[in-house]
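Step one of this worksheet: look at the structure below.
Atom set for the values below is all heavy atoms of this structure, side chains included, hydrogens, waters and symmetry mates excluded. Per chain, numbering begins at 1; letters A, B, ... match sequence-line order.
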Protein chains: 2
Amino acid sequence: MKLSQGVEWGVHCAVALAQTAPGVSVSRRTLAERYALSEAYLAKHLKAMVSAGLLYAMTGPNGGFRLTRPPEQITVLDVVEAVEGGGPQFVCQEIRQRGTAALSPEHCLERCGVAIAMDEAKEAWRSSLSATTIADLVARLPAAARGRLGT
Amino acid sequence: MKLSQGVEWGVHCAVALAQTAPGVSVSRRTLAERYALSEAYLAKHLKAMVSAGLLYAMTGPNGGFRLTRPPEQITVLDVVEAVEGGGPQFVCQEIRQRGTAALSPEHCLERCGVAIAMDEAKEAWRSSLSATTIADLVARLPAAARGRLGT
DNA sequence: GCACATCTACTCGGATAGAGAATGTCCGAGTCTCTGGGG
DNA sequence: CCCCAGAGACTCGGACATTCTCTATCCGAGTAGATGTGC
């Protein structure tokens with residue numbers, strides 16, 4: 001149960017983009033320098049966020065990335081699932097139906113209790129991440145850290 | 001955010017061990033055949049559970065594994081963290097202190113908002129997993145599936 | 001019949017390969033802007 | 001003075017290495033029980 005490092009990058013970049021004027025794009029180079037990240041690798045994560053519909057990408061001079069929605073409408077969960085891929089966390093292999101004491105399928109109409117517990121936990125995790133939006137994170141920044149993204 | 005496959009194995013094995021008479025050990029071979037798992041690989045996870053203090057291992061004939069505590073006192077979270085290693089899910093790299101608009105350390109006495117959101121989410125996940133014990137999972141099994149672990 | 005030494009068979013544990021994903025990097029395709037010339 | 005064509009520079013996107021974790025496997029160390037022998 002480990003979270004990819006790119007998640008941190010993605011959320012911070014979303015926070016940075018939320019502090020720009022509407023309609024202004026920020027290049028990945030500026031974002032990378034803002035946090036001293038590898039520009040080439042950051043590109044990978046930004047692309048994932050574009051594919052997920054969180055960012056809009058524009059090429060050419062004065063191009064770059066900008067949010068597709070107001071930061072109040074983007075949750076941390078959105079970013080995490082965009083970067084991580086959002087696939088299922090736990091894949092139940094139904095091992096209860098295998099082996100010497102395998103259960104017959106009619107006994108398995110209900111889902112495996114293990115899978116239920118795992119899914120409930122993941123749902124609690126997702127729910128917690130949904131409770132925080134990018135706008136919330138901006139509001140929690142120290143005053144000295146707001147609006148510091150160089151033009 | 002993916003969960004190791006061995007977690008499923010570990011939980012199911014714990015459920016199986018919970019259905020044995022107290023003081024009786026079950027060999028890893030029996031457990032592997034019970035669910036048609038790879039015996040050699042299962043050994044790795046069982047060993048992890050022994051190191052975590054969930055299982056007690058005994059060698060020699062009629063040896064094997066048994067639970068160190070009653071199943072009511074073993075939560076799913078215990079098993080998950082035993083198998084997965086329980087390390088931190090999200091490692092904040094404090095990238096807010098790096099780059100062109102780095103924050104000075106005195107602005108970072110409070111934790112990074114991103115890390116806080118991640119930790120809260122993980123705590124919600126852990127709390128959900130703690131709510132279910134191995135005994136609960138045994139109780140939820142179909143009647144036909146209980147006590148079917150061959151001696 | 002009983003006690004003891006030995007021996008066997010069974011158990012777990014650590015060390016060792018292979019596959020897949022995450023990480024990190026590079027170069028090419030596309031497009032907006034700026035510049036220079038002509039009308 | 002205005003318009004247009006071209007060049008240039010800047011941007012993102014996809015294809016290519018490298019490292020690390022998870023998966024999978026094997027063989028050796030140790031121990032409890034069974035066995036055979038002597039008293």
*Between A:R96 and A:E94, is there a salt bridge with N-O shorter than 4.0 Å?*
yes
*Rounded to whole angstrom units, what separation is found between the NE2 atom of A:H45 and the C1' atom of D:dG14?*
16 Å
*Can you establish whether the number of heavy atoms outside B:R98 located under 6.0 Å from its atom CZ is more than 12?*
yes
*Between B:Q93 (CD) and C:dT23 (C1'), how many Å, whole number?*
12 Å
*asked:* How about CZ on A:R29, more than 12 heavy atoms from neighbouring residues, nucleotides or ligands closer than 6.0 Å, or not?
replied: no
_How many whole angstroms separate atom CG of A:L37 from atom C1' of C:dT23?_
13 Å
*At under 4.0 Å between heavy atoms, which parts of nucleotides 4-21 of chain C does protein reach? Answer with one letter per nucleotide, 5' to 3': B base, S sugar-phosphate only, - none.*
------BBBBS-B-----
*For A:L42 and C:dG24, what is the distance between atoms CG and P respectively, to the nearest whole Å?*
12 Å
_Under the criterion side chain to side chain contact (heavy atoms under 4.5 Å, CB included), I'd like the reasoning laid out for A:Q5 against A:Y41: C-alpha separation, chi angles, the key distance, then a yes or no._
CA-CA 11 Å; A:Q5 168 201 52; A:Y41 189 29; 4.0 Å; yes
_Smallest separation among heavy atoms of B:S25 and B:N62, with atom names_ = CB-O, 4.1 Å
_With a 4.0 Å cut-off on N to O distance, would you call B:E84 and A:K2 a salt bridge?_
no
*Quick one: is C:dT23 close enough that its OP1 or OP2 comes under 4.0 Å of any side-chain N or O from A:Y41?*
yes
*Does a nitrogen or oxygen in the side chain of B:S38 sit under 4.0 Å from OP1 or OP2 of D:dT23?*
no
